[in-house]
Structure formats: C-alpha cells, structure tokens
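Please read the structure below before turning to the comments.
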Amino acid sequence: MTIKDFKTYILDMETVRPHQLSMTTITSQAIIVGRAIDEDGTEGWSEVANIGGIAYGEQTPEAIKVNIDSYLKDLVIGREASDFNRIMWEINHFAKGNNYSKAVVEGALIDLAARQKNVPAYELLGGKIHQSIPLAWTLASGNTERDIEEAKHLLEIRRHKIFKLKIGKGDPDENVEHVRKIIEAVGEQAKITVDINQAWDEDTSVRCIKKLEEYGVNMIEQPVPVWNYEAMSRLTERFDVPIMADESSTYVNDVFRIAKNRAGNSIALKPCKHGGLLETKKVAGIAEGAGLGLYGGTMIESSLGSAMALSVYSTIHDFEFGTELFGQFLYKDRITVEELEVKDFELVVPDGPGFGLTVDIEKVKKYAREFY
C-alpha cells in the first residue's frame with residue numbers, strides 16, 4: 001500500500017516539575033509528531049522533541065513542521081513505506097541539514113512499514129540485541145535536597161540507579177559541591193554522571209573535572225562548546241573519567257573526527273540530532289569501530305519518541321552508560337495508550353508492531369496546536 005498522506009502536529013506538553021539545563025528551564029515542551037497514512041488506512045507515527053524551542057538546537061518546532069509540510073512531504077506521498085531506505089537517501093540529497101525534520105519523516109515510514117508487515121520496527125533495523133537497557137534519570141530540579149529525595153525514591157522503586165546531574169547553569173564550584181553532596185547521599189547505590197551542556201571553558205573544565213573525578217563521578221558530558229574539539233581532546237587525554245561528546249557528535253563525519261582526534265571517548269546517540277534511525281546506526285558503527293563508549297541519549301521525547309529511539313538502540317552493541325529515555329516520566333501525560341515498561345532499573349524493549357505502542361489520537365488532538 002502506498003502512502004496517501006503525511007501529517008505533522010506540534011504538541012505542547014507540561015512537565016511534572018521544572019527541568020533545569022544550562023540554557024533553559026523546561027516546564028513545558030513542544031514535541032513534533034509525524035503521521036504517515038497509507039491507502040488502506042494503516043498509520044505510522046513518529047516523534048522528535050525540541051528543548052526550549054530555540055534555546056538548545058537550531059531547528060524550532062515550527063521550522064521542523066513547516067519544512068516537512070512544504071518540502072519533504074511531497075517526496076513521501078505515493079511511495080511505499082517499505083522503501084524507507086531509498087526515500088531517506090533521496091531526502092538527504094534533496095535537503096541539507098534539517099535533521100529533526102528528517103527524523104520525523106523516517107520514523108513514521110519505518111513505523112508504518114513495520115505495522116504493514118505486523119512486525120516490530122527493530123526487525124527492519126537488523127533485529128534486536130537487547131531485551132532491555134539500563135535507564136538513567138536526570139536530577140535537574142535545581143535543588144540539592146529535592147534531588148537527593150528524588151534519587152532515593154527512584155532507587156527504592158527500582159526504576160533508576162544511574163543519575164545524571166545538569167550542572168552547566170550557575171556557579172561551577174557551587175554545582176560541583178551539589179554533585180559531591182548527591183554522591184555522598186546515594187553514590188554507593190548508584191552511578192552518577194554530569195552534563196555541562198557546553199557551558200564551561202577549558203580552564204573551568206580542568207579545575208572542576210579534577211574535583212568531580214576525585215568525588216567518583218562516572219562520566220562527564222560535553223563540558224565545552226560544540227566547536228572546541230581541541231579542548232575535548234586535551235580533557236580526554238588528561239583525565240581518567242570518561243568524557244562524552246553529545247552536541248559535537250551530530251553527523252557521521254563528526255564522530256569520525258572525534259574518533260580520529262580522541263575528542264571524547266564516548267558518544268551520546270540521539271536519533272533526532274543524527275537525522276533518523278538509519279543515521280544513528282551509522283554513527284554507532286563508527287563509534288564501535290573506534291572503541292568509543294555509547295550512551296542512548298534523549299531530547300526528552302514522550303513515550304512515542306522514546307519507543308522510537310529504543311527500537312534502534314535495541315539493535316546496537318553494548319551501551320556502556322545505559323540509556324536516558326526517561327521522557328514519559330517527566331511529562332504530566334502521555335500520547336500513547338501504553339507506557340514503556342521499566343523492570344529492575346532497565347527499560348524493556350516493546351515487541352508489538354512498529355514501535356510497539358498505540359497512539360491515543362484523542363490525546364494528540366488535546367495537546368496539538370492544530371489538528372487536521
């Protein structure tokens with residue numbers, strides 16, 4: 001069955017608490033949902049999220065939608081969803097950049113193709129390796145005591161034993177002390193990582209990473225700006241604690257450059273920043289060949305986007321730092337009937353058709369800025 005229509009929606013979703021990053025504090029986030037419909041009425045769904053509108057990345061939710069509606073949609077209508085590999089090859093030649101828009105299109109095609117065949121999406125991506133992957137949680141309330149209380153509760157209910165702290169906003173020394181207190185409180189029960197979101201310069205990074213390493217932090221994510229590969233190389237060489245490249249590892253050639261210059265010794269994967277699930281596999285392949293550790297990152301997608309990312313993460317080699325697909329727990333509501341299952345600190349890969357979750361169309365209507 002060929003595709004007869006492709007629709008996009010911007011949904012505004014509120015969070016259960018403020019989520020503080022170096023560039024913004026999230027209380028509500030826009031997610032962009034794609035919907036591919038074939039002639040038989042079967043639907044494929046996808047999602048990407050955009051942190052802070054324009055605060056984090058170069059593509060706004062509005063731009064992602066209009067680029068699909070005005071340019072990419074016409075390359076999909078009348079095509080077979082199962083031809084998603086060729087379609088994305090053509091789109092990548094037709095459109096420069098716009099990775100978030102491409103990820104929306106590709107994800108919906110893969111979900112539709114899998115549903116047409118009544119198989120999980122991971123079967124179309126090489127088959128799953130993992131039944132489940134360790135699930136990290138980001139402690140980002142901005143309050144030390146609240147973060148400690150939150151971490152202890154999540155350990156007690158066996159949902160998370162990897163905690164990431166966002167420490168790029170505010171005074172670096174105070175943030176390092178914040179980390180020390182949390183390690184002191186739960187460090188014997190959990191792994192603690194930190195994400196600076198590019199907020200430090202190299203001198204600040206040297207001074208603060210030295211302390212963080214002494215305190216027992218397990219990983220440092222993107223301490224310096226995305227362009228500063230040289231600083232990332234020097235920090236990687238200087239410290240034993242792993243230095244992770246996130247914003248600086250977008251395209252396959254970025255990851256090749258990181259591997260060649262050792263500008264980090266681990267990589268954060270995110271399907272939306274790479275431009276889809278197929279490109280994510282390419283990036284992971286380069287990382288594997290170079291001996292770089294992997295982390296299944298997130299842009300704080302809801303349950304649908306998390307299932308989409310999990311489908312490809314399940315087919316990739318070992319995740320040294322687990323995955324961060326916690327978005328469904330940060331939002332007050334979800335747009336799928338089912339919730340992704342967490343069992344003994346790990347996120348379980350769903351085995352249903354497509355990405356394994358059923359979209360609740362009434363919830364999409366409720367949160368969409370415009371539904372048509």
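- Of the listed residues (Ile32, Ile10, Thr8), just one forms a side chain to side chain contact (heavy atoms under 4.5 Å, CB included) with Ile64, and that residue is Ile32.
- Salt bridge status for Glu237 with Arg234: absent, with no side-chain N to carboxylate O gap under 4.0 Å.
- Applying the ring-ring contact (aromatic ring centres under 6.0 Å, His included) test to Tyr313 and every residue at least two apart in sequence or in another chain returns Phe319.
- Looking at Thr42 and Met1, their side chains never come closer than 4.5 Å, going by heavy atoms from C-beta outward.
- In this structure a side-chain-to-backbone donor-acceptor pair under 3.5 Å is missing from His130 to Val349.
- With hydrogens and angles disregarded, no donor-acceptor distance shorter than 3.5 Å links the side chain of Lys166 to the backbone of Ile196.
- Remark: Arg257 qualifies as a cation-pi partner of Tyr229 under the 6.0 Å distance and 45° angle criteria applied to the six-membered ring.
- Ring pair Trp137/Phe163: centre-to-centre distance not below 6.0 Å.
- Note on ring orientation: taking the six-membered ring where Trp is involved, the planes of Tyr295 and Phe321 are perpendicular (angle over 60°, cut-offs 30° and 60°).
- Between the side chain of Glu324 and the backbone N or O of Gly297, no donor-acceptor pair lies under 3.5 Å.
- Proximity of a side-chain donor or acceptor of Glu279 to a complementary backbone N or O of Val252 within less than 3.5 Å is not detected.
- Connection of Tyr251 to Val105 is not established within any shared hydrophobic cluster, with ILVMFWY side chains joined at heavy-atom distances below 4.5 Å, either directly or through further cluster members.
- Comment: Lys211 does not engage Glu214 in a salt bridge, judged by the lack of any side-chain N to carboxylate O separation of less than 4.0 angstrom.
- The pair Asp83-Arg79 counts as a salt bridge, with a side-chain nitrogen and a carboxylate oxygen less than 4.0 angstrom apart.
- Remark: His274 pairs with no residue by the ring-ring contact (aromatic ring centres under 6.0 Å, His included) rule, at least two apart or across chains.
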Checklist entry - Does the pair Val16 and Leu330 meet the rule for a side chain to side chain contact (heavy atoms under 4.5 Å, CB included), with working shown? => result CA-CA 6 Å; Val16 296; Leu330 189 62; 4.3 Å; yes
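- Panel note: side chain Thr236, backbone Gly264; a donor-acceptor pair is recorded below 3.5 Å.
- Side-chain contact check for Val176 versus Arg207: every heavy-atom pair is 4.5 Å or farther apart.
- Side-chain atoms of Trp45 and Glu43 include a donor-acceptor pair closer than 3.5 Å.
- The shortest side-chain heavy-atom distance between Pro350 and Leu310 falls under the 4.5 Å cut-off.
- A salt bridge links Glu150 and Arg17; the closest N-O separation between the charged side-chain nitrogens and carboxylate oxygens is under 4.0 Å.
- Cation-pi contact between Arg159 and Phe329: present, with separation from the ring centre below 6.0 Å and deviation from the ring axis of at most 45°.
- Rounding to the nearest 0.5 Å gives a distance of 8.5 Å between CG of Leu135 and OG of Ser306.
- Counting heavy atoms from C-beta on, the side chains of Met244 and Gln222 never come closer than 4.5 Å.
- Remark: Thr193 OG1 to Ile167 CD1 distance equals 9.5 Å, nearest 0.5 Å.
- Contact of the Thr2 side chain with the Asp38 side chain is not registered, since no non-hydrogen atoms from C-beta on lie closer than 4.5 Å.
- You'll find the side chain of Val241 stays beyond 4.5 Å of the side chain of Leu212, heavy atoms only.
- Around CZ of Phe239, the count of heavy atoms belonging to other residues, nucleotides or ligands within 6.0 Å exceeds 12.
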Item to check | Evaluation steps, salt bridge (Lys or Arg N to Asp or Glu O under 4.0 Å), between Arg180 and Glu177 | outcome: CA-CA 5 Å; Arg180 186 194 66 77; Glu177 180 63 11; 2.6 Å; yes
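- Between Glu370 and Lys65, no side-chain nitrogen of the basic residue sits less than 4.0 Å from a carboxylate oxygen of the acidic one, so the salt-bridge criterion is not met.
- Glu39 and Lys4 are not joined by a salt bridge, as no carboxylate oxygen comes within less than 4.0 angstrom of a charged side-chain nitrogen.
- To the nearest 0.5 angstrom, Glu184 atom CD is 8.0 Å from Ile148 atom CD1.
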Next on the checklist: With side-chain hydrogen bond (donor to acceptor under 3.5 Å, both in side chains) as the criterion, how do Thr15 and Thr27 come out once you've worked through the C-alpha distance, each side chain's angles and the decisive distance to 0.1 Å?
Outcome noted: CA-CA 5 Å; Thr15 60; Thr27 55; 5.7 Å; no
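- A distance of 12.5 Å separates CD1 in Ile162 from CG in Leu154, rounded to the nearest 0.5 Å.
- For Lys128, the NZ atom sits in a packed shell: over 12 heavy atoms of surrounding residues, nucleotides or ligands are nearer than 6.0 Å.
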Item to check | Stepwise side-chain hydrogen bond (donor to acceptor under 3.5 Å, both in side chains) test for Glu339 and Thr336 | outcome: CA-CA 7 Å; Glu339 183 177 79; Thr336 56; over 6 Å; no
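- Within the 4.5 Å cutoff, the side chain of Leu269 has no heavy atoms near those of the Val312 side chain.
- Note that NZ of Lys332 is 9.0 Å distant from OG of Ser28, once rounded to the nearest 0.5 Å.
- Leu109 places a side-chain heavy atom less than 4.5 Å from the side chain of Val76.
- Under the 3.5 Å distance criterion, with hydrogens and angles disregarded, a donor-acceptor pair is assigned to the side chains of Ser132 and Glu346.
- Judged purely by atom type and a 3.5 angstrom limit, Asp111 has no side-chain atom pairing as donor or acceptor with the backbone of Gly44.
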Checklist entry - Does the pair Asn67 and Tyr100 meet the rule for a side-chain hydrogen bond (donor to acceptor under 3.5 Å, both in side chains), with working shown? => result CA-CA 10 Å; Asn67 285 336; Tyr100 287 62; over 6 Å; no
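- A donor and an acceptor atom, one from each side chain of Tyr122 and Asp351, are located under 3.5 Å apart.
- Side-chain atoms of Ser302 do not come within 3.5 Å of backbone N or O of Arg334 as any donor-acceptor pair.
- The salt bridge (Lys or Arg N to Asp or Glu O under 4.0 Å) test with Lys164 singles out one residue from Asp246, Asp147, Asp195, and that residue is Asp195.
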Next on the checklist: Run the side chain to side chain contact (heavy atoms under 4.5 Å, CB included) test on Gln59 and Asn98 for me, step by step, so that the C-alpha distance in whole Å, both residues' side-chain angles and the decisive distance to 0.1 Å come before the verdict.
Outcome noted: CA-CA 7 Å; Gln59 292 179 261; Asn98 291 286; 3.6 Å; yes
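- Checking side-chain atoms of Gln29 against main-chain N and O of Ile300 turns up a donor-acceptor pair under 3.5 Å.
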Item to check | Evaluation steps, side chain to side chain contact (heavy atoms under 4.5 Å, CB included), between Lys73 and Asp5 | outcome: CA-CA 8 Å; Lys73 175 180 176 179; Asp5 202 1; 3.5 Å; yes
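- When atom types are taken as modelled, the side chain of Ser266 and the backbone of Gly293 share no donor-acceptor pair closer than 3.5 angstrom.
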Show me the donor-acceptor pairs within less than 3.5 Å that the side chains of residues 354-361 make with the rest of the protein, sequence neighbours left out.
| residue | atom | partner | partner atom | Å |
| --- | --- | --- | --- | --- |
| Thr358 | OG1 | Glu338 | OE2 | 2.9 |
| Asp360 | OD1 | Glu362 | N | 3.1 |
| Asp360 | OD1 | Lys363 | N | 3.4 |

Item to check | Working for side-chain hydrogen bond (donor to acceptor under 3.5 Å, both in side chains), residues Tyr9 and Arg369 | outcome: CA-CA 7 Å; Tyr9 309 99; Arg369 294 181 187 178; over 6 Å; no
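- Glu106 places a side-chain N or O within 3.5 Å of a backbone atom of Leu277 that can act as its donor or acceptor partner.
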